[in-house]
Amino acid sequence: MRTSGRMSNAKNWLGLGMSLYFWGLMDLTTTVLSGTPTPQDKLEALLSDKSQSHLRTKRSWVWNQFFVLEEYTGTDPLYVGKLHSDMDRGDGSIKYILSGEGAGFVFTIDDTTGDIHAIQRLDREERAQYTLRAQALDRRTGRPMEPESEFIIKIQDINDNEPKFLDGPYVATVPEMSPVGTSVIQVTATDADDPTYGNSARVVYSILQGQPYFSVDSKTEHYQMSVLESAPVSSTVGRVFAKDLDEGINAEMKYTIVDGDGADTFDINTDPNFQVGIITVKKPLSFESKKTYTLKVEGANPHLEMRFLNLGPFQDTTTVHISVEDVDEPPVFEPDFYFVEVPEDVAIGTTIQIVSAKDPDVTNNSIRYSIDRSSDPGRFFYVDITTGALMTARPLDREEFSWHNITILAMEMNNPSQMGSVSVTIEVLDVNDNAPEFPRFYEASVCENAKAGQLIQTVSAVDQDDPHNGQHFYYSLAPEAANNPNFTVRDNQDNTARILTRRSGFRQQEQSTFYLPILIADSGQPVLSSTGTLTIQVCSCDDDGHVLSCSSEGYMLPVSLSRGALIAILACIFVLLVLVLLILSMRRHRKQPYIIDDDENIHENIVRYDDEGGGEEDTEAFDIAALWNPREAQAGAAPKTRQDMLPEIESLSRYVPQTCAVNSTVHSYVLAKLYEADMDLWAPPFDSLQTYMFEGDGSVAGSLSSLQSVTSDSEQSFDFLTDWGPRFRKLAELYGASEGPSPLW
């Protein structure tokens, strides 16, 4: 009966009691979105990104390999990878230098080819990665050919570590007659191999001794989860599940985090539909600050029956390991805001601030700086691409722009898409570079009966500068007017000044206007000054000092002048201007000299200087036929005469000696014209006859011009022309004494 009773009690315990144990349940959705990729996946993604980036942006350095297996046992140095600069032309002029963690004693580089080898055995469990720096130098001069570049060599894991129970040996107790499936103890083994790579760190549990009384779940070592450092707060990391053999309300579960270094970073909530615990991000994560967290999660029945408390505990715990995955983050400025004060007279190229940004990732890539040109359209500033030194690129003028708000960008050299920014506010400080001056044109009046010391004007000044202590102006007469007997300046010591008379007895008839130069100086360093002029009109006033009239009133239009009258006056002025221009144009046309065309016939067309004929269409100006064939013209019909003028040949013939019997008409006309030109002091300075054979300076003939023949002191005689030969025969006949009748042409 006792045995039977015990069996009955065992059945009751099996039906009413509970046994809690955890399954290795993970959120499949989370695994897809934030699961841990294998190193092979990482390598392919890295090479793919690198290839795509190389197409987008030119890189100075090229990495051919980033991973190397640990525990290499070969005799030759282990080839790691190759560094190559695009400046290298293969002629040995580039020298490669390796520095950083393990350089020289763990890793070596061929300074000509850039090949990197490992010369020591590598142990991932001892060190998982090395950060190194490489530089390409000109072998001849030692000058850097490329900026120094940083890269990482990661040690790839192999399964060279066995799992270990760090907390053993374990001691556990279990009540007799406990139902099958009762959780006795949870043991945890750890493996030093990489849990993110393959199955090297995957632990499988089994019972070596103790069957068939005890068994172990091969899948519950603990939970291994991973999350990206960029995961937002409240995002899901993974799920845990505690199995309860009860049903209904007795199987309900409540999950809590009871211990672990991630209790403040992560949170857990219970899904009432599936009775699973959902682990979420509670605070922002940073791979650079902390890479792994451990949580101790408890699952417990919230509904307990007091009569079965002695059958407990009705709870179980499990350990959750969470790995934080690195994400390539943009550079971060420190501090995150800059305020700079700079005087406006700073020289171009002066460094006014040095900004600094760093890559928050472990790789710590090199940073390049630039200015967002939309924030500096005037291009007043420039930032050094490598040092972050902010400099002036143009002169600054506080009176034009007193504030500048620019944005400086920082980007990773190896990944320009990762870009950070910082705001820089620049205040341009005032420098005394503007002289004070009158704000407007000052014009005052003084009565003829004014007394000495009478106020006639109060003046003030403005200055574009803005000193911290405020403006203070000083007024005085300019040096050239320091002893002015008529007026004086009194400084009011409040940035204004009074202009006073120094004497009485002003008279419009003596001087109607005075111009008083006033010197205005500021209180800056250095002191700047300018001279303003006050115009003072002398006016007649009544006994009470009211102005009756001033000298300038005669030149001013009446105030009541209507718009129509003003338009009429302007129209009259316009008509007068048109008439004046017309008269000047006619006079210019009348005096325009006759210019002989080079393409005309060699015969000269002799015309009157004051002839205002109709040009080429005026066929009555002169009949050239007489010159073409004088005989036919004389023998033909009567010559054609002009209708608008009387012939002048007869009137001038009495002055000309009749030396030629033949062709007397043409001869007389030519001689008459020549005589008229010689006698006319107001004729234009040229002859209608061509100057023949002018031989220039030094010739015994000199000039044949007759312009100065009238002003000559002696009687002119041209008899010597007969001695100059046949070329001067015609001139000799015209100007010299005639020995007998001969033809003109």
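Predicted model only: the values in this text are computed from it and were never measured.
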Flag side-chain contact, heavy atom, 4.5 Å: [X] against [Y]:
{"X": "Pro284", "Y": "Val233", "answer": "yes"}
{"X": "Leu516", "Y": "Leu477", "answer": "yes"}
{"X": "Thr351", "Y": "Met391", "answer": "yes"}
{"X": "Ile371", "Y": "Leu390", "answer": "yes"}
{"X": "Ile348", "Y": "Pro395", "answer": "yes"}
{"X": "Thr108", "Y": "Leu98", "answer": "no"}
{"X": "Ser375", "Y": "Ile406", "answer": "yes"}
{"X": "Tyr475", "Y": "Arg498", "answer": "no"}

Gap separating the [atom1] atom of [X] from the [atom2] atom of [Y], nearest 0.5 angstrom:
{"X": "Ser402", "Y": "Leu396", "atom1": "OG", "atom2": "CG", "value": "11.5 Å"}
{"X": "Arg368", "Y": "Asp384", "atom1": "CZ", "atom2": "CG", "value": "9.5 Å"}
{"X": "Glu341", "Y": "Gln353", "atom1": "CD", "atom2": "CD", "value": "11.5 Å"}
{"X": "Thr458", "Y": "Leu500", "atom1": "OG1", "atom2": "CG", "value": "8.5 Å"}
{"X": "Tyr474", "Y": "Ile520", "atom1": "OH", "atom2": "CD1", "value": "14.0 Å"}
{"X": "Ser99", "Y": "Leu132", "atom1": "OG", "atom2": "CG", "value": "7.5 Å"}

*Go through the steps to decide whether Tyr369 and Ile385 satisfy the test side chain to side chain contact (heavy atoms under 4.5 Å, CB included), and finish with yes or no.*
CA-CA 5 Å; Tyr369 301 92; Ile385 190 173; 5.7 Å; no
*side chain to side chain contact (heavy atoms under 4.5 Å, CB included) evaluation trace for Gln525 with Asn432*: CA-CA 6 Å; Gln525 293 295 330; Asn432 191 33; over 6 Å; no
Any donor-acceptor pair under 3.5 Å from [X] side chain to [Y] backbone:
{"X": "Lys95", "Y": "Gly142", "result": "no"}
{"X": "Arg398", "Y": "Gln464", "result": "yes"}
{"X": "Asn405", "Y": "Thr425", "result": "no"}
{"X": "Glu146", "Y": "Ala136", "result": "no"}
{"X": "Asp465", "Y": "Asp433", "result": "yes"}
{"X": "Asp466", "Y": "Asp430", "result": "no"}
{"X": "Glu344", "Y": "Val431", "result": "yes"}
{"X": "Asp522", "Y": "Leu528", "result": "yes"}
{"X": "Thr501", "Y": "Lys451", "result": "yes"}
{"X": "Glu448", "Y": "Gln508", "result": "yes"}

*Is the CG atom of Asp264 crowded by more than 12 outside heavy atoms at less than 6.0 Å?*
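No, CG of Asp264 has 12 or fewer neighbouring heavy atoms, counting only those of other groups under 6.0 Å.
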*If you draw a 6.0 Å radius around NZ in Lys283, do more than 12 non-hydrogen atoms from other residues or ligands fall strictly inside?*
no
_Using the rule given for side chain to side chain contact (heavy atoms under 4.5 Å, CB included), can you reason through Phe339 versus Glu427, listing the C-alpha separation, both sets of side-chain angles and the distance that settles it, and then say yes or no?_
CA-CA 8 Å; Phe339 175 75; Glu427 181 184 8; 3.6 Å; yes
*Take Cys447 and Cys541 through the disulfide bond (SG atoms under 2.5 Å apart) test and state the conclusion after the steps.*
CA-CA 6 Å; Cys447 293; Cys541 305; 2.0 Å; yes
Within the 3.5 Å criterion, strictly below it, is a donor on [X] or [Y] matched to an acceptor on the partner's side chain?
{"X": "Thr350", "Y": "Thr392", "result": "no"}
{"X": "Tyr442", "Y": "Ser460", "result": "yes"}
{"X": "Asp463", "Y": "Asn434", "result": "no"}

Give the ring-plane orientation class for [X] versus [Y], where under 30° counts as parallel, over 60° as perpendicular and anything between as tilted.
{"X": "Tyr293", "Y": "Phe266", "value": "perpendicular"}
{"X": "Phe487", "Y": "Phe506", "value": "parallel"}
{"X": "Phe401", "Y": "Phe380", "value": "perpendicular"}
{"X": "His404", "Y": "Phe381", "value": "perpendicular"}

*Under 4.0 Å between a Lys/Arg side-chain N and an Asp/Glu carboxylate O for Asp111 and Arg139?*
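Counted as a salt bridge, because a side-chain N and a carboxylate O are separated by less than 4.0 Å.
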*asked:* For Asn495 and His472: C-alpha separation, side-chain torsions, deciding distance, then whether side chain to side chain contact (heavy atoms under 4.5 Å, CB included) applies.
replied: CA-CA 6 Å; Asn495 291 341; His472 188 77; 3.9 Å; yes
